[in-house]
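Report on the structure given below.
It should be emphasised that the depicted structure is a prediction, and the values quoted were computed from it without experimental measurement. Residues: numbered from 1 along the sequence shown.
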Amino acid sequence: MDITSKVLTAISKAELGEDVVSGNYENSKKIMDKGALNFLKLASTIIDLSPSITKFKTFTKLSDEERREWLDKNREGLLGDIIFLLGYYISGWAYTSDRRADSIGYVRRSPLKPVPKFQPSTKLSKEGVPKDKYDVVVIGSGAGGAAVAYELSKHNLSVAVFEIGKEPTEEEFLNDLPVDRGTKYFWESGLTFTNGNPSITIPIGKVLGGTVTLNSGTLYRIPAFGLTNWSKQTGINIDSNLLNSAYEEVEKRLNVSRPPEELLGNNAMTIKQGAEKLGLIHHPTNRPLGTCYGNGECAFGCPYHGKLDMRLTFLKDAADRNVEIFTSANVRKIIMSGDKATGVSVNIKGKNVTVSAKAVVLSVGAFHTPLMLSAAGIKNKNIGQHLHVHPMAAVAGLMEKKVFAWKGTMQSYAIEDLVNEWHTVLLATFPPPALSYTEGLLLRDFKDLPYFATLGVQTSDDGEGEAKKTLIGLGNYNVGESDIEKVKKGMELSANILFSSGAKKVLLLFKKPVYVESVGDATKILQSLQPKDFRLAGYHPMSTARMGSDKDVGVIDVDGRVYGTSNLYVADASIMPASTILNPQLTINAMSIMIARGISNELGG
C-alpha cells in the first residue's frame, strides 16, 4: 500500500467510519492524470508528516479519534486546502457503495421523465495523422476553438483542430460514475487550483469540446455595463451590432432557452418558493437545451444530449463540412518565423508531426494560452496577467422534507437582484452527491444530504490574479476585500431565501462550515470573517491574454490577432478584456465567431 492509499484510507476511516478507498483508489489510478497522481502523493506525504510536530506520530499512526480531532483543527490554511482536495475523491468514492447511496435515496440515471432508447453519437475525431498543410490550424476545441472551426468551415477553408484531450463517448457518460468522469476528463483529474488567500479550486476540461462538455450549461450575454467596463479597462470598443449578430447565431444553434418546470427539480422549486416570498427577480436559467430529461449530471457530461455542448453543435457542424478534428493531439509548440506563425509541432498519440498553416488560432483557455504564447516567444507584459475567475461560494438550507436536490437539471434557476449593483448572481445548483461543494455537506452526517437545498453565490471579481505554472497550482490569485464583500452579500441573501423557503437551519460552507438559525446570525458571522476563511471555487477563468487597444494594455487587437504577429490569433476565455460579469460561454462563442469571420476575410474564404 503506497503513501497515498494509506493516508486516504486513514482519512476515510476517520471521517466515515469505514474504508471507501480500497479498490476504488486502485481503479482510479488507471485513469488518473499523472500530474494528479504526483500531487496526491505529495499531498498525502504532507498530511502524514504534519501531526508529527505536536503528536510525535504520523497521521496514519494516530487512532481514528485522534485523526478526527486533528482534521477538525486543521480545516483552514494550506493543510485545510489539502484535506479538502483529498476529500473530493473520498466523498466521491463513498457513493460508489450501493448501501450508502441507497441510504440517502441516490439512484444514478434517475431522470425526471422517461428516456427513449439510447442513441450513441457519431464519432467526430479522425484516426491517423494530419495533412502537411492547412489554411488554418486551431489549437483547442472548447468554447472558442469550436466556434472558430464552425465559422471557418462555412468558407471553403481547410481547417484542422487539435485537441489534447480524448473524445468521450455517450456510453462512458452513461455508465461511468460522475467521480470517474471527472477523473478522466478534467486537467490533472480535477485537482487544479490557484494559490492565494484563499486558494480557489478551478476545474478545467481536458476533453473534446473543452470545459463546455463538463460545465453546468448556464448562458448569459454580457450586460451593457460590462461592455462599458471593457472600454474603460482596455480602450476596446466592441461593435454591438456585430456582437449581437454573433450572439443571435450562437443562441439559435445552441437552442438557448429555459427548461420547463417539470425538469427544474426540487432544489430549484425550493429556491423559487423563497424568492417569491421575498419578491426577488428570479427565473429558470437560459441553457443550451437539447433532449433534456433532468438527469442532473450536466457538469460531468450528459449522456442524453440534454445539454447541447460543442461536440453536438459547432464541432459536429464543422466535421460535417470537412474540418479535420484530432484528439489526444498535444501541440508542443507554435512555430514562428519572424512575425509569422508558420505552423505547429504536434504529438498525436505518440507520433510527432509538423503541420504548416496560413493562420494559427490558439484556443486552449485562460491558463494554457499564456503558456503557449510565451513558449512561442511572444513578448508582452500582459500575458498571464489580469486573471479573473468569478469566485463562487455555497450556502445550503436543511429543509423539513426531503429535497433530493441532485434530481433535475443542474444550475436551473437564478436570482438576479444583486447583478447590477453587486455584480453577483445566485444560482440554484446541486451536483451529484459528494462532488464539488456538496462534499462539504458533511461526510459524517451524510444522512442529511437528501434534506439540503443549495444556492451557489457567483461574483464578478474586480481583483486580478496571474496565470503562471507553479509547483502545485495554476497561478496566483488573492481575493480582494471588495470582492469578498460581494460574496458576503450573496451568502446573506442566500440564507434569507433558504429560510424563507422553510429551512430549519442554514449551513454556510466556509472552510469550517457553520450552521445558523437566522439571517441575523448569518450576517453577524459573515461580517466577522476574512478572505482566508472562505471555501471558494472558480469556474470562469478569463482575461489572461486580453484584448486591448494597444500592446501596452492587451495581448491581442480587436480582430483577435496577437500584437507583433501577422497571423497568430487567440480565441478563448483569455481574450476577454475584463470580467464578463456573468457566465462567459456565450460571449466566448460569439467573440470567437467574430474573430473567425475576420480570419476568413483575410484568407479570402
Side-chain angles (χ1 to χ4, degrees), residues 35 39 77-78 81 85 140 142 144 186-188 191-206 211 229-230 232-236 334 362-392 423 458-484 486-487 530-532 534-548 550-556 562-564 570-581 584 588:
F39 173 80
L78 175 62
D81 293 336
L85 289 168
F186 284 118
W187 274 92
E188 298 186 15
L191 297 175
T192 44
F193 54 91
T194 54
N195 299 300
N197 182 24
S199 64
I200 299 177
T201 54
I202 303 180
I204 305 167
K206 187 181 182 182
T211 304
N229 184 54
W230 282 8
K232 289 179 180 177
Q233 293 278 332
T234 69
I236 278 291
I334 299 168
L362 183 55
S363 303
V364 292
F367 290 106
H368 295 100
T369 284
L371 296 177
M372 291 200 70
L373 287 172
S374 295
I378 305 300
K379 306 293 184 184
N380 186 300
K381 66 182 181 180
N382 297 290
I383 291 175
Q385 303 302 307
H386 314 296
L387 172 67
H388 296 278
V389 300
H390 286 180
M392 192 173 201
H423 301 178
Q458 177 183 295
T459 194
S460 173
D461 40 342
D462 297 321
E464 298 178 343
E466 176 187 28
K468 180 181 180 181
K469 186 63 179 175
T470 61
L471 179 63
I472 57 168
L474 295 168
N476 302 310
Y477 184 98
N478 292 310
V479 179
E481 288 295 335
S482 65
D483 290 327
I484 213 67
K486 297 178 197 174
V487 173
Q530 302 300 313
K532 66 180 178 62
F534 287 78
R535 173 69 63 203
L536 301 174
Y539 298 101
H540 306 145
M542 66 184 82
S543 303
T544 53
R546 71 182 186 178
M547 186 178 287
D550 59 50
K551 65 181 181 180
D552 289 332
V553 294
V555 176
I556 66 168
V562 175
Y563 280 113
V570 180
D572 58 24
S574 70
I575 73 171
M576 300 298 115
S579 169
T580 54
I581 310 299
I588 300 167

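- In this structure His540 satisfies the ring-ring contact (aromatic ring centres under 6.0 Å, His included) test together with His390, sequence neighbours excluded.
- A search for salt bridge (charged side-chain N to carboxylate O under 4.0 Å, His left out) contacts involving Lys469 returns Glu188, not counting sequence neighbours.
- Within the 3.5 Å criterion, the main-chain N or O of Val555 finds no donor-acceptor partner in the side chain of Asn382.
- Annotation: side chain of Tyr477 is in contact with side chain of Asp461 (closest heavy-atom distance under 4.5 Å).
- Scanning all heavy atoms of the two residues, the minimum distance from Phe186 to Gly205 falls at CD2-N, 4.0 Å.
- Closest approach of Asn195 and Gly473 over heavy atoms only: ND2-CA, 3.8 Å.
- Panel note: side chain Arg546, backbone Val553; a donor-acceptor pair is recorded below 3.5 Å.
- A donor-acceptor pair is defined here as one N or O able to donate and one able to accept, closer than 3.5 Å; such a pair exists between the side chain of Thr544 and the backbone of Ala366.
- Judged as a ring-ring contact (aromatic ring centres under 6.0 Å, His included), and not counting sequence neighbours, Trp230 has no contacts.
- Of the possible donor and acceptor atoms, none in the side chain of Ser363 sits under 3.5 Å from a partner among the backbone N and O of Gly140.
- Among residues two or more places apart in sequence or in another chain, the ring-ring contact (aromatic ring centres under 6.0 Å, His included) test is passed with Phe193 by Phe39.
- Considering all non-hydrogen atoms of both residues, Asp572 and Val364 come closest at OD2-N, 3.1 Å.
- The two residues Ile383 and Ser374 have their closest heavy-atom pair at CG2-OG, 3.7 Å.
- Ser543 places a side-chain N or O within donor-acceptor distance of the main-chain N or O of Met576, the cut-off being under 3.5 Å.
- Side-chain atoms of Thr194 do not come within 3.5 Å of backbone N or O of Leu474 as any donor-acceptor pair.
- Using a distance-only test at 3.5 Å, with no hydrogens or angles considered, no donor-acceptor pair links the side chain of Asn197 to the main chain of Asn478.
- With sequence neighbours excluded, the residues satisfying ring-ring contact (aromatic ring centres under 6.0 Å, His included) with Phe534 are Phe510.
- For the salt bridge (charged side-chain N to carboxylate O under 4.0 Å, His left out) test, residues two or more places apart in sequence or in another chain that qualify with Lys486 are Asp462, Asp483.
- Minimum heavy-atom separation, Met542 to Ala578: SD-O, 4.0 Å.
- The two residues Lys381 and Asp552 come nearest to each other via the heavy atoms CE-O, 3.1 Å.
- In this structure, His388 contributes its side chain and Gly463 its backbone to a donor-acceptor pair below 3.5 Å.
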